[in-house]
Peer 1: 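I have a structure I would like to understand better, so I am pasting it below and will then ask my questions one at a time.
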Number of protein chains: 2
Amino acid sequence: MNKQPKVTAQTKQNLTDAFWSLYCEKRIEKITVKDITRKAGYNRGTFYEYFTDIYDVLEQIEESLIPSLDELPPITILNQNMGMPFDMFVKFYEQNSKYYSVLLGDNGDPSFASKLKNSIKPILKQAFSEKYDLNPIKFDFILEYVLSAMIGTMSYWFTQNKVLPLEDLITLINDLMENGVINCLSKLSNEYK
Amino acid sequence: MNKQPKVTAQTKQNLTDAFWSLYCEKRIEKITVKDITRKAGYNRGTFYEYFTDIYDVLEQIEESLIPSLDELPPITILNQNMGMPFDMFVKFYEQNSKYYSVLLGDNGDPSFASKLKNSIKPILKQAFSEKYDLNPIKFDFILEYVLSAMIGTMSYWFTQNKVLPLEDLITLINDLMENGVINCLSKLSNEYK
DNA sequence: TCTTATTGTACAACAAGTTGTCGTATATTG
DNA sequence: CAATATACGACAACTTGTTGTACAATAAGA
């Protein structure tokens with residue numbers, strides 16, 4: 001006899017959803033298996049049919065959120081405007097914002113930011129290595145710099161409930177990347193007067 | 001009768017140290033009070049004389065690591081070279097690297113990065129508001145961008161065991177801040193050939 | 001200087017709650 | 001109707017936070 005994939009998939013999803021709504025409210029260490037199953041309407045033991053423990057739920061969610069290489073837009077896009085693909089990054093972020101803004105936020109998981117960076121690095125690396133011939137060690141630091149800045153700014157934008165229109169944010173970040181912080185500051189200062 | 005400040009301070013420190021050595025090894029949620037007191041050589045109950053729970057230990061450590069406004073160098077320093085004070089930041093980081101590299105790392109506490117940013121923002125804000133007249137909303141995003149990049153790069157430098165000499169790192173970051181990513185990339189590319 | 005009262009410090013034991021497991025009942029499929 | 005996937009109930013081991021108690025150190029009086 002076969003399994004009943006529809007039933008189990010639904011149960012697993014219900015448990016995952018219950019976990020997520022709790023994770024949005026409080027730190028993971030304050031969440032009990034009892035909390036999750038009560039919210040989802042199952043026996044506590046059922047949880048262990050699907051997950052080994054509470055961290056397993058988080059890990060599986062995170063896994064589904066790391067962009068796989070093939071689902072990202074082809075690298076050629078990068079070569080068009082030659083800048084950092086912040087807009088591409090924003091789109092991807094917005095698609096998963098429900099999860100991203102929590103995982104990358106103050107009660108999130110710091111290792112998720114690393115996983116995310118590491119999944120994007122090879123793509124940028126390949127794209128830029130076609131154009132530039134770089135000291136690989138320094139290049140790694142530049143990538144870390146760029147991705148930290150992107151992710152940090154992006155998360156901040158979400159916590160601030162998008163006070164800045166998306167278009168303005170993209171323009172600002174591209175400007176910062178393109179011309180540096182100091183130039184950007186003095187330019188903005190002149191505009192504002 | 002007075003308290004015995006030396007005795008209690010020592011006990012508290014012993015418990016804090018035991019906690020920290022465990023925190024360096026594993027996630028906070030896997031640490032039990034029993035672990036801590038066994039390592040420090042006390043009864044489990046003693047822990048509760050000094051801390052309300054395990055998170056209290058972490059919070060108190062973090063509190064002691066947030067730079068207070070008065071212990072930071074005066075703002076005038078910023079005005080000299082007019083750049084972002086990355087070197088100042090590095091020095092502060094290195095002084096506390098034992099704690100910073102863990103708290104800002106993959107098993108660290110994401111809220112600590114926020115606290116750190118928020119403690120530095122007012123200083124930079126004041127320093128730059130003397131020189132520039134800026135849209136406050138956009139300026140907040142620029143600060144978030146700068147601090148995310150600094151902290152991210154700094155942490156990465158520690159995880160990579162300082163493969164790049166500190167002087168080179170400072171030069172690189174200043175260049176990225178000053179001239180932007182693209183310029184920096186092409187400049188480095190020419191140097192490398 | 002010696003004794004005694006007082007209080008700070010650390011400990012042991014307790015109830016309540018959580019974890020992960022395992023055997024059992026129910027529902028679904030062939 | 002038989003077989004098995006799915007969900008449930010109960011169990012032992014462990015962790016938590018609290019409370020009452022013993023010991024140690026200090027200060028005052030003789």
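Lettering follows sequence order; numbering is per chain, from 1.
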Peer 1: Got a sec, which residues hit salt bridge (Lys or Arg N to Asp or Glu O under 4.0 Å) with Lys91(B), two or more places apart in sequence or on another chain?
Peer 2: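 By the salt bridge (Lys or Arg N to Asp or Glu O under 4.0 Å) rule, Lys91(B) matches no residue at all.
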
Peer 1: Quick one: is dG9(D) close enough that its OP1 or OP2 comes under 4.0 Å of any side-chain N or O from Asn43(A)?
Peer 2: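 Indeed, a polar side-chain atom of Asn43(A) lies that close.
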
Peer 1: Please state how far atom OH in Tyr55(A) lies from atom C1' in dG20(C), giving the value in whole angstrom units.
Peer 2: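 After rounding, the reported distance stands at 15 Å.
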
Peer 1: The side chain of Thr11(B) is closest to which nucleotide in this list: dA10(C), dC11(C), dT6(D)?
Peer 2: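 Taking heavy atoms from C-beta onward, the closest nucleotide is dA10(C).
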
Peer 1: Which residues pass the side-chain hydrogen bond (donor to acceptor under 3.5 Å, both in side chains) test with Glu62(B), sequence neighbours left out?
Peer 2: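 Scan of Glu62(B) (side-chain hydrogen bond (donor to acceptor under 3.5 Å, both in side chains), adjacent residues dropped) gives Lys115(B).
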
Peer 1: Please name all residues satisfying ring-ring contact (aromatic ring centres under 6.0 Å, His included) with Tyr23(B), sequence neighbours left out, ordered by chain then number.
Peer 2: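 For Tyr23(B), the residues satisfying ring-ring contact (aromatic ring centres under 6.0 Å, His included) (neighbours in sequence not counted) are Phe19(B), Trp20(B).
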
Peer 1: Return the set of residues passing ring-ring contact (aromatic ring centres under 6.0 Å, His included) with Tyr100(A) (not counting sequence neighbours), or none when no residue passes.
Peer 2: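 Result, ring-ring contact (aromatic ring centres under 6.0 Å, His included) vs Tyr100(A): Tyr93(A), Phe112(A).
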
Peer 1: What about Phe47(B) and Phe51(B), are their ring centers closer than 6.0 Å?
Peer 2: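 Between Phe47(B) and Phe51(B), the centre distance is under 6.0 Å.
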
Peer 1: Could you tell me the separation between the CG atom of Leu15(B) and the P atom of dA10(C), rounded to a whole number of Å?
Peer 2: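 About 8 Å, once rounded to whole Å.
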
Peer 1: Can you run down the salt bridge (Lys or Arg N to Asp or Glu O under 4.0 Å) pairs that involve residues 154-167 of chain B, sequence neighbours left out, and say none if there aren't any?
Peer 2: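 Output for this query lists Glu94(B)-Lys162(B).
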
Peer 1: Rounding to a whole Å, what distance do you find between Asn14(B):CG and dT9(C):C1'?
Peer 2: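 Taking CG of Asn14(B) and C1' of dT9(C), I get 14 Å after rounding.
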
Peer 1: Using atom names, set out every protein N or O paired with an N or O of nucleotides 15-19 of chain D below 3.5 Å, distance rounded to 0.1 Å.
Peer 2:
{"residue": "dT16(D)", "atom": "OP2", "partner": "Val33(B)", "partner atom": "N", "Å": "3.1"}
{"residue": "dG17(D)", "atom": "OP2", "partner": "Tyr48(B)", "partner atom": "OH", "Å": "2.7"}
{"residue": "dG17(D)", "atom": "N7", "partner": "Arg44(B)", "partner atom": "NH1", "Å": "3.2"}
{"residue": "dG17(D)", "atom": "N7", "partner": "Arg44(B)", "partner atom": "NH2", "Å": "3.3"}
{"residue": "dG17(D)", "atom": "O6", "partner": "Arg44(B)", "partner atom": "NH2", "Å": "2.4"}

